[in-house]
Structures are given as structure tokens and as C-alpha cells.
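A single structure is presented below for examination.
Worth saying up front: this structure is predicted, and the values here are computed from it rather than measured. What you see below is based on every heavy atom in this structure, not just the backbone, and it leaves out hydrogens, waters and symmetry mates. We name chains A, B, ... by the order of the sequence lines, and we start the count at 1 in each one.
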Amino acid sequence: MGSSRRSILPSRRRWLEEEISLWEKEGEVTSAQAAAILGLYESEGDLAGKRGRRMFLALVSLALVMFAVGLLLLIGYNWDEIPRAAKVATLFVGVAAAFAGSVVEYRRGRQLAGELWAFGGVLIYGNAIWLLAQAFHIEAHYPDGVLWWGIGALAAAHLLVSRAIGAQAIVLVLVWVPMESAAFAAPNYLFLPIAAALILLARRTASDALAGLTAAALGLWLLLTTGSAWDAWPLAPALLLLLGCAYQAASLLGKAGSTTARIWDGMGLLGVLGSLIALTFEDVHRSGHPGSTDPEWTAIFAVSGLLLAWTWGLFLREGAAETIRRWPVLLAATIAFGSIVSARLYQPGWASTYEVVLALLFSALTVTVGLWLLRAGVRLDEAPRFFAGVVYLLVFVLVRWIDLIGDLLSSSALFLIAGVVLAAAAHFWRRRHAVAPEVRHG
Amino acid sequence: MGERRALAAGAAGVLCLTVLTWMLVSHAWPVWTGETIYLRARPVDPRDLFRGDYVVLGYDIDRLVLADPAFPAREVVPEDEAVDGPGPPPLPPQPPPPVVRPIGDWWRPAEEESGDMQYLRWRRLRDQRLYLQLERQPSDDPAVPFLLRPVSVADAPQPGFVNLQGRCRTFGPDGGGRQGALHLHLDFGIDALFVPERTGLPIEEAIRAGKPVYAVVAVAASGKARVTDLLVDGKAFLASR
């Protein structure tokens, strides 16, 4: 947009400028080479312009939201003085005028203004859905109001390749998914093509935030569908664990170290860590033998099998090194799938042995994943991963302690020990970074 | 590029307007093509009669009991109502839910099914589209030309009746247990009537005074229904404003 130079974060640009200046002083590069390297990336001016455009877009979008809410409240007040036909006309004219404004601005070559008019048009369209429902006393399947608003936003975002309208769409989808699942028990499979369209939009607009939020929406959908539509709440953590593993695998599709890869990696890790803790509880497995009938089991097996195959497939495609490096993820996915199969095979005679075995298995897996994070943090010299491992192991110990023992005195001692462990980990990391890099990596 | 985006913006606008038009037409269809019926309305919750500026309505026909000898009614002991101090006068007592005949096996559990599986089967009826068959009967109220009596419920419209399409809200034995008469709660999508700000009081007063309040409902042949007005004390509430 505007500049054909490679995009760069402002902080990285500053770092690069400082480094190049040093290289120049040390004679590693000439001033012409230094200028050529810097010239490959967006300049300070480009970055300032980009920041300004973003700020402008954010503020005007917010203003449009305020305007739309004002309109909603004004008409929603349901004045007697406004006849129904006038209300309908106002809404239709409002939508048409906003998109007409967008067409005019795009024709004039003013992309940003065109996008903002369309953003406002989608907002008025969404309001119009609710206001028409009010004007005509329509009280049908109410989440459909949000759904149709979201579909309109998604279609407009694709047509205009717009991040701002895409943001509107994902917010609506995040509202619609729990609304639909909480109030109505039927499986909401319509979400799947919508999620696919959102992921495609994230790719087309190169929006990592949109991709991350879609990933979160997918997790939310899987959780609610498993529990509400498939009558299998106890299997929800295992399915979320599989989803987390699949996201970890999906991070391999992005360029190593890219923001996209980091987002999928982070979302996946969050899913794995959270669901593993839940699976360490015996109760999850105790209440867990769903009485779901065949159609639900088919759906559960189809989803979990696909997630497992996706995870294994991507790791194997990346080669043996990647597979070995992330073996706990593969192990977690396999055990999660195994626990789902065992829930299907469950016989009442297995009773408590079944619950204890699964709780112990997932506890061992939790410790393994925590240690793996610690090791990976040290090996790759990544502080977030190292500290995530420390905190995760502590959380696991605290949760198990409270669940199994939980008296006040020993709990206070445990928290004190936890504090000591955290301080020791921080001290270790600091000392480690005091050592010369060649020694550390050697 | 600009021209292409302009076209895309136009297409997005047309799409949004198409959805809104479809919404209007689908609402208007029962009003244009259907027949007008009158349903006796009652408030859903006496403490929450008005939410914002719309009336939440219930109907005598949205809670039903299925007539089947395998599921006889249990004796119900009414619970004492808690009194929270002075409040609005109590609402008139509600009539018992009408008993209707189920048509088809959409609800019937298989003989070999365990209690849990029965429960799951019934739970899964939630959201299913069902049709309530209504039979005309003479009205003793001069405000309405005829009344309707629920006779049966099926998973498809039945000829010779006014069919009202609804979605199953809950289904199962009364009291939440596994035995007793089967209760069906249907949602016809006609339980909200938006009224102008601060004008709902006459409706509330009429209901509390025990006067009949009727919803004026348009029903298409498909069973889709739309509430268009309320008859309060014999007068059309919205039309008279």
C-alpha cells in the first residue's frame, strides 16, 4: 500500500538503523551498501504515514460505531411520530447511501474513505436487521439476526478486501457462536464454512489478528458444540487438546519466526496447556462417559480423527527433525484421541480404575509438556517459553495440591515454595545471560 | 483498481439490501397470504412483564401435554409461592396446559431404549420444527369472531386444520424426572410485541384485571405466524394509536 518496499516493524527498523551504523563504523559495509540495505525497507516516513492512517481508520471506525449506535437508539425509541414505513425507508436509504458513498469514493481513487463508507454501511445494515425485527415484531430464531449481520460483513470484507470490515465480521461471529449454542442445542455446522471464509479473509488481508481470533472462535465453537450439541461435555477438553495440537502443527505452515507462525503456535500452546490441566482431574473422566448416540459419536470421531491426522501429517511433512523436536505435541494428540476412543468403549465395570488411569496419564503428560517447554526455552534461548514452562509446572502443582490436599497451612507453604521456585528460575535465567553467548550455545 | 473496488462496494450494498428485503418479505408473507387468527395471550412473568418497551407474551397453547397412555400424568402438588412483601396484584390463575394428540412417532422412544437414551432423544427434540393443529370453535367473546382449540401436534402440517409452526423449546416428563405426562413447550416466534415507549401500561392493567387480551396473528399456509397487533379490551392496541 503506497510503498513497494518491504514492510518492517518500527522497533526493528530502529534496531536495523543502529546496527547498520555500527557495521559502517566497523567497516563491514560501505555507506552506499548501508543506504541500499535500509532502502529495502519502509522508511521512517512510510512508517509514520502508516501509523497515521491506522489511527485515522481506528478513530473514524469508532465514530461510525457511535453513529450507528445513536441511530439504533434513536429509531429504537419507537416514537409514535415515526410511522413504520418511514422507519423502513430510513433504514434502506441509510444502507444504500452509505454504500453509494463508498462507490463514489472508490471511483475517486480514495481507498480509505471508500472503505470507511462501506464499514459504516455494514454497521447500518446490522442495525437495520434489529430495527426491522422490532418494527415488525419478529421474534424468531434470534441469533439469526447476528448471523445475517455477520454474513453481510464477511461478504463485504471479502469483496473489498477490508481488514476493518473483517474485524466487524469476526466480532459478530464471536457473539453469534455462544448465542446460538447456548440457547439452541442443534449442532451449528454453519459455523464451519464461515470459519473457512474468515481464514481465507485473514490470508487475503494478511491479518494475523483476524487469523488468531478465528482460531479462538473455532475453539469456542468446538467446546460448545461438543458439550451442547453432541451431549459430550466431558470430551470437550480432549477435543480442545487435539485442536491445540492441530494449531501447533498449523504454525509450521507459516514462515519460521513470522507473526503468523507465532500466533498459531501461541494459540495452539494455550489450547494444549489449558485442556491438559482440565484432563488431570478424575472427575472429568468420571462424569465423562457420554450417552451420545451414533450420529454424535460419528461427528466426534470425524473431528478428532481429522485433527489427529492433520497434526501428524504436518509434522511428518516437515521431516524427522521437527517431529522429534515437538514430540510431546504429537504424544498429547495421540493420547487425547485414545481417551476419546476409550470413552466410546467404556464399560461400567471399569469404574474408578478407568478414571484414575486417565487422570494419571494426563498428569504425566502435563509434567512432560512443562519440562519440554523448559528445555525448549533453554535450548532456543527463548525466555517466554522457559518462563511459560516454569509457570505451567507451578500451576499444575498448585491445582493438584488444592484438588488433592488443600488444607490452609500446607497450601500457604506451597505458595511460599512456588514463590521461591519462580525467583530461582528468574535468577537462573539472569545468570545464564551473564555468560558469554558462545559458551551458552556451545 | 478503483473502478473494481467501486463495483465491489456496489455489490456489497446490493447484497445487504437484498438480505433486508428478504427479511421484510418473509415477514410480510404470512400477513399477505395467511389468515388472521386470535390467540388468547398471557404474560410470561408477572415480575417482568415489560422488558424495555416490548411486551413478552405467552399463549395458552404454547405449553401442551401429550396424550399417551404410556405416560400418564402424575399428581402435582402446587408449591407455596414465596411472598416478597407488597407488590402488584397477583395475576389471574393460569389454566392447565391443553392436552393434545401426538401424530407420528417423532417423539416416541424405542422400546429397548434405556431411560438415559430416552432423555437424550427427547432433549434432542429441542429446536425441532413442529406443527400444532388448531380447530376452530365458536367464540363467547364478541371481540373475536372465533377461537382456536389445539387438538394435535405433528412434525408436518396436517390438512383440514390451522397449522401453527413452532420450534420445540423443551420436551419431556413433567417435574424433570423420567416419568409422568409428557410436556411440550413450543416457541411460535410470536412472543414479542414492540410497543411505543411507556405505552404498555394498559396492557398490563388489562391482564391483571383478568380481561382477555388476544394477539392478532397472521398465519401462512406453511404455518409461519406473525403477530400484528393486540386486542385489549376489545380494541386493537397498535392500530388504534
Query raised in the report: So do the side chains of A:Tyr125 and B:Val19 get within less than 4.5 Å of each other, counting heavy atoms only?
Result: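 With C-beta onward as the side chain, the pair touches.
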Query raised in the report: Tell me, side chain or backbone of A:Ala96 under 4.5 Å from chain B's heavy atoms, or both, or neither?
Result: both
Query raised in the report: Is the CH2 atom of B:Trp29 crowded by more than 12 outside heavy atoms at less than 6.0 Å?
Result: no
Report task. Heavy-atom distances under 4.5 Å only: say whether B:Leu24 touches chain A with side chain, backbone, both or neither. Result ->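 B:Leu24 touches chain A through side-chain heavy atoms alone.
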Query - Over 12 non-hydrogen atoms of neighbours within 6.0 angstrom of CZ in A:Phe56 - result: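 No.
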Report task. Give the member of A:Leu160, A:Ile165, A:Ile124, A:Val161 that has the highest number of heavy-atom pairs under 4.5 Å with chain B. Result ->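 Most heavy-atom pairs under 4.5 Å with chain B: A:Leu160.
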Query - Segment of A:Val88 engaging chain B (4.5 angstrom heavy-atom cut-off) - result: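 Only the side chain of A:Val88 comes within 4.5 Å of chain B.
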Query raised in the report: Can you tell me if CZ on B:Arg40 sees more than 12 non-hydrogen neighbours from other groups inside 6.0 Å?
Result: yes
Query - Atom of B:Ala12, atom of A:Phe99 and distance for their closest heavy-atom approach - result: CB-CE2, 3.7 Å
Requested in this report: Identify which of B:Thr228, B:Leu7, B:Leu17 forms the greatest number of heavy-atom pairs closer than 4.5 Å to chain A.
Outcome: B:Leu17
Report task. State whether the number of non-hydrogen atoms from other residues, nucleotides or ligands found under 6.0 Å of A:Arg110 atom CZ is greater than 12. Result ->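 Open: at most 12 neighbouring heavy atoms sit under 6.0 Å from CZ of A:Arg110.
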Report task. Kindly indicate, with the supporting measurements, whether the criterion side-chain contact (heavy atoms from CB on, under 4.5 Å) is fulfilled by A:Leu91 and B:Leu20. Result -> CA-CA 9 Å; A:Leu91 296 171; B:Leu20 294 177; 5.6 Å; no
Report summary line: d(B:Thr21 OG1, A:Phe92 CZ) to nearest 0.5 Å is 4.0 Å
Query raised in the report: Would you say A:Trp149 has more than 12 foreign heavy atoms packed within less than 6.0 Å of its CH2?
Result: yes
Report summary line: Residues B:Met23 and A:Ala133: closest non-hydrogen pair is CE-N, 3.7 Å
Report task. Pick whichever of B:Ala28, B:Ala8, B:Cys16 has the most heavy-atom pairs under 4.5 Å with chain A. Result -> B:Cys16
Query - Heavy-atom closest pair, residues A:Tyr106 and B:Arg5 - result: CD2-CB, 3.4 Å
Requested in this report: For A:Val103 and B:Gly10, work out which heavy atoms get closest and say how close.
Outcome: CG2-N, 3.5 Å
